[in-house]
Amino acid sequence: MDFKQRLIHWYSDNKRKLPWRSTKNPYFIWLSEIILQQTQVKQGLPYYEAFIKQYPTIFDLANASEQDVLKLWQGLGYYSRARNLHSTAKHIAFDLDGKFPNNYKDLLKLKGVGDYTASAIASIAFNQVAAVVDGNVYRVLSRFFGIDTPINSTAGIKEFKTLASSLIDKEQPATFNQAIMEFGATQCKPKNPYCIVCPFNDRCVALLKNLVNELPVKLKKTKVTTKYFNFLVFIDNDKNTFLEKRIGKGIWQNLYQFPLIESEKSLKVDEFQKLNTEDTILECTDFEYSLYNETDYVHKLSHQHLHTKFWIIEVDQLPNSSIPISEVKKYPVPILIGKFIDAFNFQTT
DNA sequence: AAGGCGGGGTC
DNA sequence: GACCCAGCCTT
C-alpha cells in the first residue's frame with residue numbers, strides 16, 4: 001500500500017468522533033477551523049459547541065455585536081481570530097448575500113483565512129483537492145521522509161506544501177487531509193510518538209535513522225519580555241467600578257480591563273502611593289486603597305510574562321462613566337482579569 | 001523575513 | 001523551564 005492508502009486505513013480505525021466531522025456545512029467547518037488555529041482540539045471543543053448553539057447560522061453571528069462574540073471567545077486566546085470571525089461573518093452574510101465562498105482561491109480572500117484554513121475548508125466542505133499543511137503535517141512529513149528543512153523557513157513552507165500536494169488522495173481529499181492531521185495529533189506526537197505500533201514503522205526515515213526526536217527542525221525561539229501591570233480596581237459606595245477597553249495594537253485588543261498602570265518594576269505600597277501623588281492618577285482626593293495580592297501574580301503569554309498586582313481602591317462615589325459591579329461579567333476580559341473577578345469577592349466590600 | 005499574538009497541555 | 005497546538009497578520 002502506498003502512503004495515502006495506509007494513512008487513510010489508519011484513520012478509519014483510529015479517528016476521534018468530533019462534531020465538525022459530521023457536517024458539510026461550510027459555516028460549521030469554517031468556525032471549527034478558526035477555533036482550532038494554534039489550539040488543541042480538547043481546548044477548542046467546548047467553544048465550538050457554545051458558538052454553534054449561540055449562533056446556529058452565519059446570519060446569527062453576523063448580527064451579533066463584536067463584544068458578544070469576544071465574550072463567547074473569552075479564554076481561548078488569539079482574539080484577532082474572534083474579531084476576524086465576526087468581520088468575515090458580516091462580509092459573507094451582507095456583502096455576499098450569505099453565499100459562502102466555495103473554492104480555495106475565494107476562501108483565501110477572507111479575513112483570518114490563510115493557506116491552511118482555505119485548504120481545509122475547500123477540501124472538507126467542498127471536496128476540492130487542496131492539501132493542508134499544519135503543525136501536524138510538518139511533523140509527519142518531516143519524520144516520514146527525513147526532511148530537515150526548517151518548517152518555518154520560506155524554503156520549508158514551500159517544500160512541505162509541494163510535498164503534501166503530491167501526496168494528497170485526489171479521490172478523497174477531505175479524508176486524506178483530516179487523516180494526516182489526526183495521525184500527527186494522536187500518533188506521531190511531538191514527544192513520545194507511538195513508533196512501536198506505527199503503520200509506517202517499516203519505512204519512516206526518522207525512525208530508521210533514529211532522528212524521531214530531532215525532527216521537525218524549527219528555527220528560532222521566542223524571546224520573552226517581562227512587564228509589570230498594576231490594575232486599579234475601583235469600588236465606590238454604590239458598588240460601581242471602572243472598566244476600560246483596550247485599544248491599539250498590543251495584546252487583548254478590544255477586550256476590557258480594570259484601569260492599568262504599567263511600571264518598570266514591581267511596585268511596593270509606598271512606591272505605588274508616591275506614583276499616585278506625583279501623577280495625580282487618582283482624581284478623587286478621598287480614597288483608601290489596599291493591595292490585593294502581596295506577591296505578583298505572573299501571567300505567562302507566549303511572548304510576555306506579566307507580573308501583576310491588583311490594587312483595590314475604595315472611594316465614595318465614582319463618575320457616571322463607571323459601571324455597576326454586577327455588570328462586570330457582561331464584558332469580555334482577558335483570562336487574567338476573569339480569574340481575579342472570580343477570586344475577588346466584590347460582595348464583601 | 002521576522003515578530004506579535006493567548007491560553008492550556010505535556011514532559 | 002521548553003516546546004507545542006487543525007496559523008494569520010503586519011511590518
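Residue numbering restarts at 1 for every chain, and letters A, B, ... go by the order of the sequence lines.
- Between the CG atom of A:Leu36 and the P atom of C:dA6 there is a distance of 8 Å, rounded to whole Å.
- Residue A:Gln37 has no polar side-chain atom (N or O) positioned under 4.0 Å from OP1 or OP2 of C:dG7.
- A:Thr117 comes within 4.0 angstrom of the backbone, heavy atoms only, and of no base.
- Of the candidate nucleotides B:dA2, B:dG6, C:dA6, C:dA6 has the atom nearest to the side chain of A:Val41.
- The residue among A:Arg139 and A:Leu108 whose nearest nucleotide of DNA chain C is located toward the 5' end is A:Arg139.
- Between the side chain of A:Gln253 and the backbone N or O of A:Gly248 there is at least one donor-acceptor pair closer than 3.5 Å.
- Nucleic acid contact class of A:Ile180 (heavy atoms, under 4.0 Å, all strands): none.
- Between the NZ atom of A:Lys191 and the P atom of C:dC4 there is a distance of 7 Å, rounded to whole Å.
- With hydrogens and angles disregarded, a donor-acceptor distance shorter than 3.5 Å links the side chain of A:Arg81 to the backbone of A:Leu76.
- Residue A:Val137 is classed as having no contact, given no heavy-atom separation below 4.0 Å to the nucleic acid.
- Checked options A:Phe310, A:Trp252, A:Tyr331; the residue passing with A:Ile337 is A:Phe310 (criterion: side-chain contact (heavy atoms from CB on, under 4.5 Å)).
- Nearest to the side-chain atoms of A:Lys220 among the listed nucleotides B:dG6, C:dA6, B:dA2 stands B:dA2.
- When atom types are taken as modelled, the side chain of A:Asn240 and the backbone of A:Asp236 share no donor-acceptor pair closer than 3.5 angstrom.
- Distance, A:Tyr11 OH to C:dA6 P: 13 Å, rounded to whole Å.
- Shown for residues 64-89 of chain A: residues whose heavy atoms fall under 4.0 angstrom of DNA chain B, namely A:Gly75, A:Leu76, A:Gly77, A:Tyr78, A:Tyr79, A:Arg81.
- The closest donor-acceptor contact from the side chain of A:Asn84 to the backbone of A:Lys111 lies at 3.5 Å or more, if one exists at all.
- Backbone-only engagement by A:Asp115 is indicated by non-hydrogen atom pairs under 4.0 Å involving sugar-phosphate atoms exclusively.
- Proximity note for A:Tyr116 (side chain, C-beta onward) versus C:dG7, B:dG6, C:dC4: the nearest is C:dG7.
- A:Gln304 comes within contact range of the sugar-phosphate backbone alone, with a heavy-atom separation under 4.0 Å but no base atom that close.
- Map A:Val133 and A:Lys218 each onto its nearest nucleotide of DNA chain C; the residue landing nearer the 5' end is A:Lys218.
- Checked against A:Glu182 for a salt bridge (Lys or Arg N to Asp or Glu O under 4.0 Å), the options A:Arg21, A:Lys17, A:Lys15 give a single hit: A:Arg21.
- Here the nucleotide nearest the side chain of A:Asn136, chosen from C:dG7, C:dA6, B:dG7, is C:dA6.
- In summary, the aromatic rings of A:Trp311 and A:Phe258 are positioned with their centroids too far apart to meet the 6.0 Å limit.
- Set against C:dC8, C:dT10, B:dG9, the side chain of A:Lys249 has C:dT10 as its closest nucleotide.
- Straight-line distance from the CH2 atom of A:Trp30 to the P atom of C:dG7: 17 Å, rounded to whole Å.
- A:Gly184 comes within contact range of no nucleotide atom at all, as no heavy-atom separation falls under 4.0 Å.
- The base of B:dG8 is not paired with the side chain of A:Gln43 by any donor and acceptor separated by under 3.5 Å.
- B:dC5 and C:dA6 have their P atoms separated by 23 Å, given to the nearest Å.
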